[in-house]
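This report concerns only the one structure given below.
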Amino acid sequence: MIPRMTTVGTLKNYRYDLNRSNNTMSKAMNTVMTGRAFNSYAEDPAIATRCFQLRRSYQRAASQLTVNDSLYRKYNQAWSALEEGSQDIYSISNDPVFGSLIRGLNGADASGRNALGQSLEAKAKNLVQIMNGRHGENYVFSGADTLNVPFTWEPRENPDYIDPAIAQAKLDEEAANPGTLTPEEVEKYQGAFQYVAAGGKLTNNVEEAETVAKVNTDPNIDFTQPSAVGNEWYLNEKGEPVVDAADAQLIPRENPAYDKEKNTAFQYLTSNGEPTNKASEAQTVLCYRGVPVDANPDTEDGKKLAYFLGETKNLDVGLGHKEKDSEAVSSTVFNSALQGIYYLGGTGTKEITVTVGEGADAREVTREVPNNIVSVISRMGEILQRCSNEDGSFSGEDEEEFIALAHQFEDQKDLYIQRRAELDTETGFLRDNSLILTDTAESLSQQFLAMEDVDPAAAITDYMYARYCYDAALKVGNSVLSQSLMDYMNFA
């Protein structure tokens, strides 16, 4: 059956074909302008889904690359810092005065020991300054806490010190409510004061203390026979024994509960172990994040240091990040926490046995020395500065301690170089990983761009062909239809 041809039907078919040609041309023009093969998920769901997956992988790889490159710069700066520190350490080993001390603790260089001591302390402080370097706004060697300075020099605290304000508050509480403290606690807090003032008040101010006659401590004195000849109970200002208390030297009345060995009334200790309440006179000790690095493992400070060394700050650098029991699997992440104390030799102290003297005078001694190389260098400097200015001789047992420290220095120097090499290996890994991540990101980018983008030449060709078809459709309508184009448009 032949369909009936009418003018209205012809116009409708023509309008439909013209609109289709126009849409095809518009789509081709849009493709040329955007350069994309599709502009919505509905246009090509399969390709759009694949492109989304590739873009997601690309974003992850790009993020990993950014983190990796930042870490590489941090580790590279850390290695440079350790390299700079090694120059100071090698300069100590190469010093002729230090060499003479290691060989025999005598020789022509003895007079330069004080100067070497000053140099060693300066090098210790320089090492700390190097280890306190920053990468941007963050400290490099501060572990997981990158906002606070890792290393500081603090006055050496007296471990037996009792704050007199706290002690007085405890004793006042006991006086108001008897039985609050045990007898041992009462004695402990009373021991925070050196002297006794008038009325039995405890004090650390010698000017407030009650004065008493200085007693003769001669063990031959028989205090049960005060009238016997030779029983001079007191001492005068010249140190001579006298019988009458009125002739004796007046001294502050000491608190019998005060422990002179622990010196609980003094907050600090000097390099000789002498008590003092002046921070400027105290020996300076190296602290890591506020904790003395030489603290023994069984102390509270030692436990804090152990916690610091175990800290991690895991980052995803493209190693296949996985978690198990809400914890990251260590082999799939990179720990960015650089613990400066680790690279300086560790924490705490250890006992070392060395031989002192030569020939028949040789003897073995055991001394406790720090594990941290900065503490070792600083301590050697303090000892050398106490040497005689005339002949460079050591004072007291300093010679034995210096020999032990010198041996420890050699061991810790090798350990420092070894751990610097470890850091160099990790830095090299980050450098190589950066190249891998860069290649991965570029490969993913090329894959999704190949699906999303079109060939410009082909897109322009398609557009020109669509434009030709649209123009041809207009010409056909103008020539075939009896109405004018304007009439047609009005009719449409």
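If you read the sequence from its start, that first residue is 1, and numbering goes on from there. Side chains are part of it too, since the values below use all heavy atoms of this structure and drop only hydrogens, waters and symmetry mates. Predicted model only: the values in this text are computed from it and were never measured.
The closest side-chain heavy-atom distance from Asn132 to Pro150 is below 4.5 Å. Within the 4.5 Å cutoff, the side chain of Leu435 has no heavy atoms near those of the Asn433 side chain. Side-chain atoms of Trp153 and Val374, non-hydrogen and from C-beta on, do get closer than 4.5 Å to each other. Using a 4.5 Å heavy-atom threshold, the side chains of Met380 and Ile383 count as separate. Between Cys287 and Phe151, the closest side-chain pair of non-hydrogen atoms is not below 4.5 Å. Here the side chains of Phe266 and Gln194 are in contact, with some heavy-atom distance below 4.5 Å. Taking the side chain as every heavy atom from C-beta outward, Pro292 and Leu286 never approach each other to under 4.5 Å. Tyr195 is not listed as a side-chain neighbour of Glu208, based on a closest heavy-atom distance of 4.5 Å or more.
Side-chain contact of Thr276 with Glu281: a donor-acceptor pair under 3.5 Å is present, judged by distance alone. For the residue pair Tyr258/Gln190, the side-chain donor-acceptor check at 3.5 Å is not satisfied. A donor-acceptor pair shorter than 3.5 Å cannot be found between the side chains of Thr264 and Asp160. For the residue pair Asn371 and Thr349, no side-chain donor N or O sits within less than 3.5 Å of a side-chain acceptor on the partner.
For the pair Arg419 and Tyr342, the distance from NZ or CZ to the six-membered ring centre is under 6.0 Å and the angle to the ring normal is within 45 degrees.
The shortest heavy-atom contact between Asn372 and Asp294 is CB-OD1, 4.3 Å. Nearest heavy atoms, Asp145 versus Ser142: O-OG, 2.5 Å. Of all the heavy atoms in Val291 and Phe308, the pair that sits closest is CG2-CE1, 3.9 Å. The shortest non-hydrogen separation linking Tyr416 to Ala81 is OH-O, 4.3 Å. Of all heavy-atom pairs spanning Ala295 and Asp301, the tightest one is CB-CB, 3.5 Å. For the pair Glu311 and Asn335, the tightest heavy-atom approach, listed with the atom from each and the gap, is O-ND2, 4.0 Å.
Gln77 pairs by the side-chain hydrogen bond (donor to acceptor under 3.5 Å, both in side chains) definition with His135, not counting sequence neighbours. Residues passing the side-chain hydrogen bond (donor to acceptor under 3.5 Å, both in side chains) test with Arg467 are Tyr463, sequence neighbours excluded. A search for salt bridge (Lys or Arg N to Asp or Glu O under 4.0 Å) contacts involving Arg156 returns nothing, not counting sequence neighbours.
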Q) When you look at Glu368 and Lys350, which way does the side chain to side chain contact (heavy atoms under 4.5 Å, CB included) test go after all the steps? A) CA-CA 5 Å; Glu368 192 172 26; Lys350 75 173 184 179; over 6 Å; no
Starting from the C-alpha separation in whole Å, work towards a yes-or-no answer on side chain to side chain contact (heavy atoms under 4.5 Å, CB included) for Arg289 and Asn148.
CA-CA 8 Å; Arg289 292 164 67 175; Asn148 295 304; over 6 Å; no
Determine, step by step, whether Thr461 and Met464 satisfy the side chain to side chain contact (heavy atoms under 4.5 Å, CB included) criterion, reporting the C-alpha distance in whole Å, the side-chain angles of both residues, the deciding distance to 0.1 Å, and the verdict.
-> CA-CA 5 Å; Thr461 301; Met464 296 304 296; 5.9 Å; no
- Task: Could you walk me through whether Gln339 and Tyr288 pass the side-chain hydrogen bond (donor to acceptor under 3.5 Å, both in side chains) test, one step at a time?
- Result: CA-CA 9 Å; Gln339 304 292 350; Tyr288 182 66; 2.6 Å; yes
task = List the steps and the verdict of side-chain hydrogen bond (donor to acceptor under 3.5 Å, both in side chains) for Asn277 and Gln267.
result = CA-CA 5 Å; Asn277 275 322; Gln267 187 173 1; over 6 Å; no
Take Tyr75 and Phe334, measure what ring-ring contact (aromatic ring centres under 6.0 Å, His included) needs, and give me the verdict at the end.
-> CA-CA 12 Å; Tyr75 269 65; Phe334 193 89; 5.5 Å; yes
field: Step-by-step side chain to side chain contact (heavy atoms under 4.5 Å, CB included) determination, Ser70 to Val67
entry: CA-CA 5 Å; Ser70 178; Val67 172; 5.8 Å; no
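Other residues, nucleotides and ligands contribute over 12 non-hydrogen atoms within 6.0 Å of the CZ atom of Phe409. Around atom CD of Gln129, no more than 12 heavy atoms belonging to other residues, nucleotides or ligands sit under 6.0 Å away. Annotation: Lys188, atom NZ; neighbour count of heavy atoms from other residues, nucleotides and ligands within 6.0 Å does not exceed 12. Few gaps surround CD on Glu323; more than 12 heavy atoms of other groups in view lie less than 6.0 Å from it. The 12-atom threshold is exceeded at CD of Glu83, counting heavy atoms of other residues, nucleotides or ligands nearer than 6.0 Å.
Judged purely by atom type and a 3.5 angstrom limit, Ser119 has no side-chain atom pairing as donor or acceptor with the backbone of Ala115. With hydrogens and angles ignored, the 3.5 Å screen pairs a side-chain donor or acceptor of Asn68 with a backbone N or O of Leu430.
Between the OH atom of Tyr72 and the CZ atom of Phe429 there is a distance of 13.5 Å, given to the nearest 0.5 Å. Note: Leu269 CG to Asn263 CG = 7.5 Å, rounded to the nearest 0.5 Å. Atom CD in Glu426 sits 11.0 Å away from atom OG in Ser336 (nearest 0.5 Å). A distance of 8.0 Å separates CD1 in Ile162 from NZ in Lys262, rounded to the nearest 0.5 Å. One distance of note links CD of Glu382 with CD of Gln385; it measures 8.0 Å at 0.5 Å rounding. Taking NZ of Lys125 as the start and OG of Ser378 as the end, the distance is 5.5 Å to the nearest 0.5 Å.
Every pair tested for salt bridge (charged side-chain N to carboxylate O under 4.0 Å, His left out) that includes a residue from residues 324-345 fails, sequence neighbours excluded, so the list is empty. Screening residues 167-186 for salt bridge (charged side-chain N to carboxylate O under 4.0 Å, His left out), with sequence neighbours left out, gives no hits. Applying the salt bridge (charged side-chain N to carboxylate O under 4.0 Å, His left out) definition to pairs two or more places apart or across chains, none involves residues 334-346.
Screening Arg386, Arg379, Arg367 against Glu401 for a salt bridge (charged side-chain N to carboxylate O under 4.0 Å, His left out) leaves a single residue, Arg379.
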